[in-house]
Each structure stands twice: as structure tokens, then as C-alpha cells.
2 protein chains.
Amino acid sequence: MEQDALDKAFMALADPVRRAMVARLSRGDATVNELAEPFTITKQAVSKHIQVLEHAGLVTRSRDAQRRPVHLDAAALEHLTAWIDQYRLIAESRYRQLDQLLGAGTEEPHEKPAKKKEELK
Amino acid sequence: MEQDALDKAFMALADPVRRAMVARLSRGDATVNELAEPFTITKQAVSKHIQVLEHAGLVTRSRDAQRRPVHLDAAALEHLTAWIDQYRLIAESRYRQLDQLLGAGTEEPHEKPAKKKEELK
DNA sequence: TTCGTAATCAACCGAATCGTTTATCAATGA
DNA sequence: TCATTGATAAACGATTCGGTTGATTACGAA
């Protein structure tokens with residue numbers, strides 16, 4: 001997943017309204033009106049939120065007469081967990097190595113500077 | 001994890017500089033200068049990014065003389081994957097149910113309105 | 001055609017972000 | 001004490017975000 005897609009996807013989840021929409025959509029597709037129902041904001045605002053989710057690749061839309069049902073893309077969510085887990089697992093395995101190196105109950109010191117180059121992948 | 005913490009955590013990851021910092025920190029703690037090295041922006045800007053990560057609960061900081069080593073909190077990352085997976089798994093299990101109900105190769109239709117109340121959890 | 005409904009577009013506003021520059025604080029060592 | 005190094009604070013500009021109102025498009029029904 002390229003940087004810009006990650007930018008948009010994490011940004012899309014950084015809003016409680018859009019997260020509630022994701023939660024709703026996990027239970028099944030929904031129209032704009034249905035997604036708007038739990039909120040007090042205008043439907044135009046809801047429409048914008050859906051566009052943010054769509055441009056982030058988290059949802060797709062089809063057409064059913066004048067309705068535009070929104071569909072959650074579970075694979076896109078998996079990409080995000082994969083990105084996070086990649087680094088979480090590196091960090092956790094490093095903690096385990098430290099633990100067994102130092103023995104239990106030791107306060108974790110911070111490491112010496114690592115000189116290796118950064119890859120932005 | 002409460003709404004505001006999720007807001008801040010996802011927002012923190014919605015920036016390529018901060019994600020690169022998370023990637024770097026997964027390999028070990030680092031100071032502001034070390035984190036700034038791969039970037040062309042000022043150290044003040046880097047310092048602000050670190051504060052964003054800190055307020056999001058993704059990193060913690062200690063003190064070593066005049067240095068302020070930054071430490072990645074793997075548990076915080078796990079909270080995020082847990083939130084995403086919660087809804088991803090609901091959606092995926094729903095797809096599986098549809099598949100076995102309709103037989104293979106069928107295009108997925110979108111569902112009828114679900115009337116149940118929304119929980120923001 | 002005309003009407004009603006679903007949804008989007010366009011323009012605008014206030015608040016938050018991301019970066020800069022300048023100045024300041026904190027700790028170390030000569 | 002004074003200079004240096006690591007890091008933060010404060011103020012500013014440009015841009016983006018989340019929301020509104022008002023107008024417009026797309027479709028189906030009468």
C-alpha cells in the first residue's frame with residue numbers, strides 16, 4: 001500500500017462519525033440516508049464523509065435507482081492492520097529478546113543510536 | 001479505547017513522517033535528532049510530530065541527560081488493530097454467510113436496511 | 001410532463017494542521 | 001562562568017477539514 005493511500009485511510013478512520021459508519025457498514029451495505037440516521041449533522045455532511053471513506057478506498061458504491069448503497073471493503077481494512085502489525089511485531093519481538101537477555105523484572109533501558117538507514121516502506 | 005484516543009491515534013498515523021518514525025522506533029528507541037535525520041524538515045517540526053505521537057499514546061518519553069529518548073508503545077498499536085479487526089471480522093463473516101447461502105460465483109447484492117440502533121463502541 | 005425523493009455540487013466559514021522563524025530552556029563540559 | 005548541544009515554546013502563514021446553506025442533478029411515480 002503506497003503512502004498516499006495510507007494517509008487517506010488512517011485519516012478517514014480518525015473521525016468518530018466515519019468510524020461509526022464503518023461499524024454500521026460492517027453489518028451490511030447502507031444508503032446515505034441510512035448512514036445519516038444516527039447523526040444530527042446534515043446529509044450533505046454525511047455525503048462528504050462517505051466520499052472521504054471512498055477516496056480512502058475503504059468503501060465502494062454501486063447504484064440502485066436513485067440510491068447509492070455503500071459497501072465496506074474488508075480487504076482495505078486488512079491492509080491497515082497489516083501495516084500496523086508489521087511494526088508492532090518487530091517491536092514486540094525486540095522486547096522479548098531484551099527480556100531474555102536481561103532476565104525478568106529488569107527495567108527496560110533505551111537503546112544506543114541505531115545507525116542504519118531508514119526505509120519508508 | 002475511547003473515541004478521542006482513537007481520533008488522535010489514527011490521526012497520528014495519517015502522516016507519512018509520523019509513520020516513518022513509528023517504523024524507525026519499532027527497531028529501538030531514538031532521540032529527536034535521530035528521528036529527524038532522514039527528513040529535510042526542521043527539528044522543531046520533528047519535535048511537534050513526536051508530540052502528536054505522544055498525545056496519541058503511541059509513544060512515551062524518558063530522560064537521559066539533555067536527550068529525550070522516544071519509545072514506541074506496542075500495546076497502543078495493538079488497540080488500533082483490535083478496533084479495525086473487530087469490524088473487519090464482522091464484515092468477513094457476513095460475506096461467508098452470504099456465499100454459502102447463495103452458492104459460489106454469485107454477485108453480492110446489498111442488503112435491506114438494518115433497523116438496529118448504532119453503538120459507537 | 002410534473003412531482004417527490006435520494007444524493008451531490010458549490011460556495012463559504014471557523015477551527016485545526018503542518019511547516020517556518022525566532023527565542024528560550026535544560027544539561028553538560030571547558 | 002560561559003559556550004555548546006538537545007530540545008521545546010511561541011507566533012505566524014498557508015492549507016486542509018468538518019460543517020453549514022442553497023442550488024442542482026438523477027431517477028421513479030403519478
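Computed from a predicted structure; not experimentally measured. Chain naming here is simple, since letters A, B, ... match the order of the sequence lines and numbering starts at 1 in each.
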task = Please report, rounded to the nearest Å, how far the P atom of D:dC17 is from the CZ atom of A:Phe10.
result = 17 Å
key: Protein-nucleotide distance (B:Leu35, atom CG; D:dG6, atom C1'), rounded to Å   = 13 Å
request  = For the pair B:Leu53 and B:Leu72, evaluate side-chain contact (heavy atoms from CB on, under 4.5 Å) and give the outcome as yes or no after the intermediate values.
outcome  = CA-CA 9 Å; B:Leu53 289 168; B:Leu72 183 63; over 6 Å; no
Distances for protein N/O vs nucleotides 23-30 of chain D N/O pairs under 3.5 angstrom?
residue: D:dC27; atom: O2; partner: A:Gln66; partner atom: NE2; Å: 3.4

query = So, A:Glu34 side chain and A:Thr31 main chain: donor-acceptor pair closer than 3.5 Å or not?
reply = yes
key: Rounded distance (Å) that lies between atom C1' of D:dG18 and atom CG of B:Asp7   = 12 Å
task = Name the closest nucleotide to the A:Asp15 side chain, picking from C:dA7, D:dG18, D:dG6.
result = D:dG18
request  = Let me know the distance between CD of B:Glu37 and C1' of D:dA7, rounded to the nearest Å.
outcome  = 17 Å
query = Are the side chain of B:Arg61 and the backbone N or O of B:Arg68 linked by a donor-acceptor pair below 3.5 Å?
reply = yes
note = Residues at least two apart in sequence or cross-chain that pass side chain to side chain donor-acceptor pair (under 3.5 Å) with A:Lys48, listed by chain then number, are none
query = Expressed in angstrom and rounded to an integer, what is the separation of B:Ile41 atom CD1 from C:dC18 atom C1'?
reply = 9 Å
query = When hydrophobic residues are tied together by side-chain contacts of less than 4.5 Å, even through go-betweens, does A:Val22 share a cluster with A:Val52?
reply = no
key: Value in whole Å for how far the P atom of D:dG6 lies from CZ of B:Arg67   = 6 Å
remark   = 5'-most contact on DNA chain D (nearest-nucleotide basis), A:Arg18 vs B:Val32, goes to B:Val32
query = If you check the B:Thr42 side chain, which of D:dA7, D:dG19, C:dT21 turns out closest?
reply = C:dT21
request  = Send over the distance from A:Glu34 CD to C:dT5 P, rounded to a whole Å.
outcome  = 16 Å
ask   = Taking only N and O in the side chain of A:Asn33, is any of them less than 4.0 Å away from OP1 or OP2 of C:dT5?
value = no
Nearest-angstrom distance from the residue atom NZ of A:Lys43 to C1' of C:dG4 = 12 Å
inquiry  = Any side-chain N or O of A:Ser47 below 4.0 angstrom from OP1/OP2 of C:dT8?
reply    = yes
Please tabulate, one pair per line, all N/O donor-acceptor pairs under 3.5 Å involving side-chain atoms of residues 4-17 of chain B, not counting sequence neighbours.
residue: B:Asp4; atom: OD2; partner: B:Lys8; partner atom: NZ; Å: 3.1
residue: B:Asp7; atom: OD1; partner: A:Arg19; partner atom: NH1; Å: 3.0
residue: B:Asp7; atom: OD1; partner: A:Arg19; partner atom: NH2; Å: 2.7
residue: B:Asp15; atom: OD1; partner: B:Val17; partner atom: N; Å: 2.8
residue: B:Asp15; atom: OD1; partner: B:Arg18; partner atom: N; Å: 3.3

Results of side-chain contact (heavy atoms from CB on, under 4.5 Å) for B:Ala74 - residues two or more places apart only = A:Arg88, A:Ala91, A:Glu92, A:Tyr95
query = Can any side-chain N or O of A:Arg63 pair as donor or acceptor with the backbone N or O of A:Ala65 at less than 3.5 Å?
reply = yes
key: Strand-adjacent residues in residues 49-61 of chain B, judged by heavy atoms under 4.0 Å from DNA chain D   = B:Gln51, B:Arg61
Residues forming a side-chain contact (heavy atoms from CB on, under 4.5 Å) with A:Ser47, sequence neighbours excluded = A:Gln51
task = Give a yes or no on whether A:Leu89 and B:Ile84 share a hydrophobic cluster (residues Ile, Leu, Val, Met, Phe, Trp, Tyr; joining criterion: side-chain heavy atoms under 4.5 Å apart).
result = no
If you restrict it to nitrogen or oxygen atoms, what contacts under 3.5 Å exist between nucleotides 11-15 of chain D and the protein, and what is each distance?
residue: D:dA11; atom: N6; partner: B:Lys48; partner atom: NZ; Å: 3.4

task = Could you tell me whether the side chain of B:His71 reaches within less than 4.5 Å of the side chain of B:Leu25, counting heavy atoms only?
result = no
task = Kindly write out the residues that satisfy side-chain contact (heavy atoms from CB on, under 4.5 Å) with A:Gln44, not counting sequence neighbours, or none if the list is empty.
result = A:Thr42
inquiry  = Side chain of A:Arg68 only, heavy atoms from C-beta on: which candidate in D:dG19, C:dT8, C:dA6 is closest?
reply    = C:dT8
